[in-house]
Amino acid sequence: MSADLWEGFEALDPETITGPVWDAPIPLSAHRALPAFPVHTLPSWLGDMVSAVAEETQTPTDLAGCLALGVIATAAGGRATVCVRGHWREPVNLYTAVALPPGNRKSAVFALMTGPLLAVEKMLVELSGPKRAEAETTARLAKAAADKAAQKAAAAEPGLRDQLTAEAVHLAQQADELTVPTKPQLVADDVTPESLASLLAEQDGRISVMSAEGEIFDIIAGRYSGTPNMGVFLKGHAGDMARVNRQGREAQHVENPAVTMALAIQPEVLDAIGRVKGADGRGLLARFLYAKPVSLVGSRNLTPDLITEDTATTYAQRLSGLTMALADWTDPAVLTLTPEADAVMLAYQKVTESRLGKGGSLASVVKWASKRDGAVARIAALIHLATHPDNGWALPIEAGTMAAATELGDYFTAHALEVFDDMGADPAQEAAHQLLTHLKEQRLSGFTKRELFRGLSRGDFPAMSDLDPALILLEEHGWIRQQPVPPRTGRGGRPPSPRFDTHPGITPPLAGA
């Protein structure tokens with residue numbers, strides 16, 4: 001349990017306790033104090049925008065920070081890989097998910113952070129217009145020539161029919177081989193697995209899914225198909241070859257798919273994700289970098305500092321420049337590490353490995369933690385490219401960049417441990433925490449069940465019976481004790497509400513009392 005609930009209990013003098021003897025209560029499972037997003041690990045132009053967006057929107061820096069990694073991954077995904085050591089290579093696309101309740105202005109943060117990407121996408125569409133128009137015209141003329149040749153062959157005299165038929169077949173094959181480029185697309189919203197596969201085939205194996213709603217998890221769980229469908233999301237993260245079947249066309253193979261996902265979800269969606277059949281076993285959950293910041297709603301500054309024009313302009317120029325520079329790359333650049341950066345990475349790997357075994361601090365999230373080092377390598381590559389948006393692909397990753405990536409790795413580790421605890425937690429645990437906090441804040445030495453119910457939010461406990469699991473858990477842990485039920489008088493009427501005593505550690509004497 002949180003440290004503040006122990007405050008007073010540890011200092012309680014047993015001599016002051018009167019009445020029945022109480023044993024020391026058993027702590028409820030602990031709530032971790034989660035770190036804030038380390039903005040200083042990002043290059044200044046990116047970190048300044050993250051801080052400015054968080055200030056103007058009055059949202060945790062975690063949301064804008066994770067989106068900052070997502071937009072760089074969108075620019076570089078499929079265009080670069082990082083060679084860690086030997087044959088160990090990591091693509092540089094990422095999956096991030098930030099859990100925040102409604103009312104946290106997620107859409108506003110997304111608009112500010114992704115705006116330059118959408119502007120680049122529009123520019124790429126305009127630049128590709130003449131090429132697409134030429135290809136469409138060429139394909140249309142080729143089809144018309146093939147159709148005309150087929151008609152001519154069909155009407156030919158028997159002596160010429162074979163030759164004209166061969167010419168018609170040749171022209172038809174040429175027309176069929178011509179392809180018309182699709183409009184460039186960098187970002188998609190919530191898409192079905194089938195649509196995502198088609199987008200990968202059309203966009204040279206690279207696409208980003210960025211959403212302030214996070215409905216993609218419902219889609220993965222089978223909203224439309226009735227069964228979970230996560231294959232393309234698994235392969236799109238790892239870069240494993242994907243086969244794309246599209247209606248009316250031959251199957252296509254995407255050799256190295258690169259999907260980036262940057263999502264904002266409501267906290268309760270985390271529970272739903274954990275219940276998606278196969279999501280854990282097949283490793284989908286392990287591919288995400290999670291953040292679960294504390295909402296600022298209720299304590300927001302209503303007159304915040306606004307994003308300066310210089311900050312916004314610099315962000316747009318740097319991000320647009322990097323995205324445009326890498327847009328046409330088909331053979332990914334291979335980023336390497338300096339010997340010093342490799343030493344930092346190796347030291348981090350040793351720490352990860354030492355904590356994966358039985359009893360280790362990462363043993364409970366071994367599937368996620370087994371991908372931690374790879375995620376750190378990807379993050380290092382993204383920070384490197386953001387630091388050198390003009391020529392990062394020609395420079396090795398330095399030790400300072402790798403150290404920054406490991407700090408982000410530790411940040412995501414702390415949040416992942418909390419998120420996976422929540423996914424597997426007994427719902428009564430959170431309710432018990434709420435009741436215990438309420439009892440301490442109200443300094444209740446005793447209460448009836450009805451009195452407790454009246455003092456709590458109906459949103460958390462709609463019916464009095466909703467208190468039962470939490471009360472049972474608190475009693476099992478020694479925080480409360482139900483009094484014997486008094487005998488009935490035989491006069492009828494409603495039975496008395498159960499009465500509870502609370503542990504003296506919940507209501508220690510006030511200072512100076």
Return yes if some donor-acceptor pair links the side-chain N/O of [X] with the main-chain N/O of [Y] below 3.5 Å, else return no.
X: W329; Y: G78; value: no
X: T313; Y: D310; value: no
X: H384; Y: L395; value: yes
X: N93; Y: G236; value: yes
X: Q203; Y: Q185; value: yes
X: R105; Y: T57; value: yes
X: K106; Y: P101; value: yes
X: Q58; Y: L296; value: no
X: R79; Y: G77; value: yes
X: E56; Y: I307; value: yes

Partner of F288 under ring pair (Phe, Tyr, Trp, His ring centres under 6.0 Å), chosen from Y95, F233, W368: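 Testing each of Y95, F233, W368 against F288, the sole residue satisfying ring pair (Phe, Tyr, Trp, His ring centres under 6.0 Å) is Y95.
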Measure the spacing between [atom1] of [X] and [atom2] of [Y] and express it to the nearest 0.5 Å.
X: S195; Y: L200; atom1: OG; atom2: CG; result: 11.0 Å
X: L199; Y: T182; atom1: CG; atom2: OG1; result: 8.5 Å
X: K235; Y: L196; atom1: NZ; atom2: CG; result: 12.5 Å

Return a table of donor-acceptor pairs under 3.5 angstrom between the side chains of residues 61-75 and protein atoms on other chains or two or more places apart.
{"from": "D62", "atom 1": "OD2", "to": "F37", "atom 2": "N", "distance (Å)": "3.4"}
{"from": "D62", "atom 1": "OD2", "to": "Y411", "atom 2": "OH", "distance (Å)": "2.5"}
{"from": "T74", "atom 1": "OG1", "to": "G70", "atom 2": "O", "distance (Å)": "2.8"}
{"from": "T74", "atom 1": "OG1", "to": "S208", "atom 2": "OG", "distance (Å)": "2.9"}

Got a list of side-chain donor-acceptor pairs under 3.5 Å for residues 48-55, not counting sequence neighbours?
{"from": "S51", "atom 1": "OG", "to": "G47", "atom 2": "O", "distance (Å)": "3.2"}
{"from": "E55", "atom 1": "OE2", "to": "D305", "atom 2": "N", "distance (Å)": "3.0"}

Near [X] [atom1], under 6.0 Å, is it more than 12 heavy atoms from other residues, nucleotides or ligands?
X: E126; atom1: CD; answer: yes
X: D189; atom1: CG; answer: yes
X: E136; atom1: CD; answer: yes

Stepwise salt bridge (Lys or Arg N to Asp or Glu O under 4.0 Å) check, R372 with D410: CA-CA 9 Å; R372 184 173 87 145; D410 288 342; 3.6 Å; yes
With T401, the side chain to side chain contact (heavy atoms under 4.5 Å, CB included) member among T338, L337, V344, I383: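 One option only clears the test, and that one is I383.
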Any side-chain heavy-atom pair of F412 and V376 under 4.5 Å: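 A side-chain contact is absent here, since even the closest heavy-atom pair is not under 4.5 Å.
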